[in-house]
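The block underneath contains the structure these notes are about, expressed in structure tokens.
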Amino acid sequence: MTTRFNPFKADGLWQKAWDDAGIFTAPAASDPRPKSYVLEMFPYPSGRIHMGHVRNYTMGDVLARYKAMTGHAVLHPMGWDSFGMPAENAAMEKKVHPGDWTRSNIAAMKKQLKRLGLAIDWSRELSTCEPDYYGQEQALFLDFYKSGLVYRKESSVNWDPVDMTVLANEQVIDGRGWRSGALVEKKKLNQWFLKITDFADELLDGLKSLDQWPDKVRLMQENWIGKSKGLNLSFNLVGTHDAIDVFTTRPDTLFGASFVAIAADHPLAAALAENAPRLKDFIEDCRRGGTTAAEIETAEKKGFNTGLSVEHPLDSSWHLPVYVANFVLMDYGTGAVFGCPAHDQRDLDFARKYRLPVRRVVADGDLTDLEFEGDTAYTGPGQIVNSHWLNGMSVDAAKAAIIARAEQDGFGEGQTQYRLRDWGVSRQRYWGTPIPIIHCDFCGVLPVPRSQLPVTLPEDVTFDQPGNPLDRHPTWKHVACPNCKEPARRETDTLDTFADSSWYFIRFASQPDDKPFDREEAEAWLPVGQYIGGIEHAILHLLYARFWTRALQRIGKIGITEPFAALFTQGMVTHETYKSQDGAWLSPEDVKIAGDAVTSLDGAPVIRGRIEKMSKSKKNVVDPDPMFDQYGADAVRWFMLSDSPPERDLEWSESGIEGTWRFVNRIWRLFDTLEDGQGADRSVDQLLHRAIAGMASDIEALTFNKAVAKVHELVNALEKAPASASRTTAIRTLARLISPMLPHLAEEGWACMGGAGLVATQAWPEHDPSLLVDDEVTIAVQVNGKLRDTLTVAKDLDKAGLEALALASDKIIHTLDGAAPKKVIVVPGRLVNIVA
RNA sequence: GCGGACGUGGCGAAACCGGUAGACGCAGCAGACUUAAAAUCUGCUUUCCCCUGGAAGUGCGGGUUCGAGUCCCGCCGUCCGCACCA
């Protein structure tokens, strides 16, 4: 008699068995087996896990379990990225302490993750909001400080005057604070920076070595770093001894210059504005615009003629007007440009508007006239024209020639610019790592002595008024100066939470009490063998982590350069969205779907929205707990791995999970009704060994959907196969094959079939290569490239034999209808194509 | 605007180096078992036609090739990233 698989019993039972046996505890770094460090991006403890987490962690889990079965020493840890704003928002809204809120979220999510049956070494669990983690981060910060990788500088920030806080760019919506709705101001504050720009070239070059990263991510980082080579040159201001420094990547177009433009924030603009109210108004106008993408896109090129002129560096009698222009950025290059309208679209727009000369200096094909027609700048390659001694050169040769001349004559020098800026890490917030610095009126800025680390956050804080609770805490910031012992103040800024996630993978590999990590132990595990996470971290997190690792290398703390050898970015889990007539979002639990009609539970019509990433705000989230209750962990895991390629989005569907539940039970029936068969069945042997080989390569390539299909094929065949020793072996082996993906079912089946020990600790089965090839193959016979017949032949039948057989086929004779073949192409083992 | 990815049945997809398009799954249809339902099992399921067969077919239009979903050129569409970066 057959039974149904009972996940409610099996899940807990086997999870406990794994825990008791301690099989997921990573071995010591000295373990001689090849190391495999599998890591998924650690979660922010928002409260509940969602299907996106489930998908992410299931993928990593399959790989970790597979690696263990293939003889690797596996490190597969989990932790919590637990500092950050949501905890402070919760504190304001719900009057709970950020620490309490965070820790209870962690407890709830950990419970949910455990239900998934993940092969995680929980003994290495870490949480970035705990002093044993952030204290070590402070030690690293001080190491960087001592090595000159940290500095403090006045910098302008988005300031919300109502909440009295600094806002990140993404928190500024249409120029207003996302929470308060107040108009955001630019404010100058002293802020801490990490010198990521010191590593700009290395971070760029290093991308080349990351051949197991998606090209897309490497390209995004390359663009983000934004290296460009050009010339820094000076334009002397007519009638003064001052000059305007300009950066250009097109020095070859210098003879096409018709104006110089400076940014509204340029010091010269500010100086001129003091005596020119209209210029002052214009500068104000520039500052206001340009906060949103839409505004920038539609922004008109606008300028203000300062009345000043500069000398052309190659001809001092040639004077160019100086404008303040809204499209020139202060924080790129020198904050000033020269305009060559014929060969730059922005400059052309500007020149047409202010009726400035447009001189062609690069030939567009046969077009060499000095006067440039039209409103589309020519930015392509060509020969230099109308440029005196540069004429006839290519663009590249002219660039080199001008740079050489500039350096020789002293009006400029070749330079490389980066879009990348230093990493501002100061946050005027409570729930983050305190920056371990003391400000003394007499001794200046001093690091907190090592013996006083960690600098812990005070517990008794309030969130009932705006501003940083650390700053207004009655006692916390008041300390004695470590140098002169006079009263001094703690730094009240905390570190950007991206700092926390920039080294957690090192702390996972090695977590001594007295230092951030042990070098030898960390190097034994690192770099991470496979890192898995969302594409949304393609730039910031991954770039900061790469920087942090290099910084540690530079100061001699670690010997690795790149933290993540292989990166995989998985797709999102999506779900249809629903809205009621009055525009409120409805959760999938609140709607009924009957065919095309969707109604709420009480029958009111519902508007069907787009399929979108699951998010709380749109209520299209599906909580995994009820799924575990109904189907068990394995059906949920299986669904997450099925159908959609892992890098693509996966649409959650109720019918999909039901299908996986049925399949789980079909496998169970194979295990449950297994009987000892007699005799070999070569076709079953072949199927099994093909599945073994195919699944191994699919799992290694993370194409889990294909591995799933192979399990389906094997199971379909085994259900139909007559009893034989081969079938019995195949079903026993199946338990090992599914163990990475369906670990609970595999254990239950393994035990039910009398297997010794835990299937999770078994070796991945070896495949016999001789069983992967057939003795007979089916080959296609085409006439003029169209399939007309298929033949089943011995696999090594030679060309002549194939040709003869093909030409003898009734169907082919019929198709040819007496015509003589002009040519016959034979690909042994594949096809015969007859050209008639 | 710049950069990138993608486009295959009703749906999710597969197709390795250019060699039998649609494996596998979902949904659907028909049947078996059942008093009935659930569960399970069997079969069918790209479209069209003059249906023991044949034709067309991988967003559209061209090209290379004995042969193109796959390579090349040009469009169209969708999605993503960056965004006045000199």
Side-chain angles (χ1 to χ4, degrees), chain A residues 2 4 214-217 219-224 226-228 230-231 246-251 253 261 263 289-290 293 295-297 299-301 325-329 331-340 343-347 349-350 379 417-421 535-536 538-539 638-639 642-645 647-651 653-660 662-663 665-666 669 694 697 701 703 705-716 719-720 778-791 811 814 821-827 829-836:
Chain A
T2 61
R4 280 177 76 168
D215 290 343
K216 179 183 177 165
V217 174
L219 189 68
M220 281 162 77
Q221 293 213 350
E222 191 182 319
N223 292 338
W224 188 262
K227 182 176 184 171
S228 57
L231 172 68
V246 160
F247 175 71
T248 180
T249 56
R250 292 298 302 273
T253 64
E295 273 175 307
I296 289 165
E297 196 168 353
E300 202 186 337
K301 307 279 174 286
N326 65 341
F327 65 91
V328 181
L329 305 172
D331 45 11
Y332 183 80
T334 59
V337 301
F338 81 77
C340 173
H343 306 293
D344 183 284
Q345 191 58 48
R346 290 160 310 191
D347 296 346
D349 294 345
F350 191 81
T379 55
Q417 282 286 340
Y418 298 90
R419 206 190 78 111
L420 183 71
R421 320 269 165 73
I535 186 78
E536 65 272 23
I539 297 175
W638 190 249
F639 181 76
S642 302
D643 290 352
S644 278
E647 70 278 8
R648 229 176 280 181
D649 291 351
L650 171 71
E651 193 189 349
S653 87
E654 200 67 28
S655 60
I657 184 78
E658 276 166 24
T660 65
R662 284 198 293 270
F663 186 68
N665 277 291
R666 280 171 58 197
R669 247 171 273 126
S697 57
T703 50
N705 56 318
K706 292 201 261 173
V708 163
K710 290 187 174 78
V711 174
H712 272 285
E713 279 172 347
L714 182 60
V715 167
N716 288 346
E719 281 175 340
K720 293 189 181 102
T778 305
I779 65 153
V781 184
Q782 301 177 333
V783 176
N784 294 330
K786 283 188 180 149
L787 182 71
R788 294 299 172 185
D789 197 7
T790 57
L791 299 171
K811 285 180 186 164
H814 177 252
K822 287 183 192 139
K823 189 175 172 186
V824 180
I825 288 119
V826 183
V827 184
R830 278 283 180 190
L831 56 55
V832 178
N833 188 15
I834 298 157
V835 186

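Per chain, numbering begins at 1; letters A, B, ... match sequence-line order.
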Sort out the partner of B:G1 for me: Watson-Crick or G-U wobble, both distances under 3.5 Å, none otherwise. B:C82
Could you identify the nucleotide paired to B:C17, looking across every strand shown and requiring Watson-Crick or G-U wobble geometry with both distances under 3.5 Å? none
State whether the distance check finds a donor on one side and an acceptor on the other, under 3.5 Å, for side chain A:Lys710 versus base B:C24. no
Using a cut-off of 4.0 Å on non-hydrogen atoms, how would the nucleic acid contact of A:Lys227 be classed: base, sugar-phosphate, or nothing? nothing
At under 4.0 Å, does any side-chain N or O of A:Arg788 touch on OP1 or OP2 of B:A55? yes
Taking the side chain of A:His712 as its heavy atoms from C-beta onward, which of B:C84, B:G19, B:C24 lies nearest to it? B:C24
Under 4.0 Å between a side-chain N/O of A:Arg666 and OP1 or OP2 of B:C41, yes or no? yes
NA contact type, A:Leu219, heavy-atom cut-off 4.0 Å: base, sugar-phosphate, or nothing? sugar-phosphate
Pick base, sugar-phosphate or nothing for A:Ser644, based on heavy-atom distances below 4.0 Å to the nucleic acid. sugar-phosphate
Give one of base, sugar-phosphate or nothing for A:Val328, where a contact means two heavy atoms less than 4.0 Å apart. base
When you get a sec, tell me which of B:C82, B:C41, B:G25 is the closest nucleotide to the side chain of A:Ile539? B:C82
Base, sugar-phosphate or nothing for A:Asp344? Non-hydrogen atoms, less than 4.0 Å. nothing
Once you apply the 3.5 Å cut-off to both distances, tell me the Watson-Crick or G-U wobble partner of B:C6, or none. B:G77
Closest-nucleotide 5' rank along RNA chain B - winner of A:Val835 and A:Lys786: A:Lys786
In Watson-Crick or G-U wobble terms, with both distances under 3.5 Å, the base opposite B:C29 is B:G43
Check every strand shown and say whether A:Lys706 touches a base, only sugar-phosphate, or nothing at a heavy-atom separation below 4.0 Å. sugar-phosphate
Is it the case that the side chains of A:Asn716 and A:Arg666 hold a donor-acceptor pair, with the cut-off being a distance below 3.5 Å and no angle test? yes
A:Glu713 has a side chain; which of B:A27, B:C24, B:C84 sits nearest to it? B:C24
Would you classify A:Asn784 as touching base, sugar-phosphate or nothing, given that sugar-phosphate means primed atoms plus P, OP1 and OP2, and contacts are heavy atoms under 4.0 Å? nothing
Picking from B:G12, B:A14, B:C82, which would you name as closest to the side chain of A:Asp643? B:G12
Mind checking A:Thr778 for me? I need base, sugar-phosphate or nothing, with any heavy atom below 4.0 Å counting as a touch. base
Please determine if a side-chain N or O atom of A:Asn705 lies less than 4.0 Å away from the OP1 or OP2 oxygen of B:A14. yes
If you check the A:Asn833 side chain, which of B:U40, B:C85, B:G67 turns out closest? B:G67
Under 4.0 Å, heavy atoms only, any strand: does A:Arg830 hit a base, just the sugar-phosphate, or nothing? sugar-phosphate
For B:C79, take OP1 and OP2 only and decide whether either is under 4.0 Å from a side-chain N or O of A:Arg648. no
Strictly distance-based, threshold 3.5 Å: is any side-chain N or O of A:Thr248 a donor or acceptor partner for the main-chain N or O of A:Arg250? yes
On RNA chain B, compare the nucleotides closest to A:Gln782 and A:Ala709; which residue's is nearer the 5' end? A:Gln782
Please report the distance separating the C1' of B:G81 from the corresponding atom of B:A13, rounded so that it comes out in whole Å. 26 Å
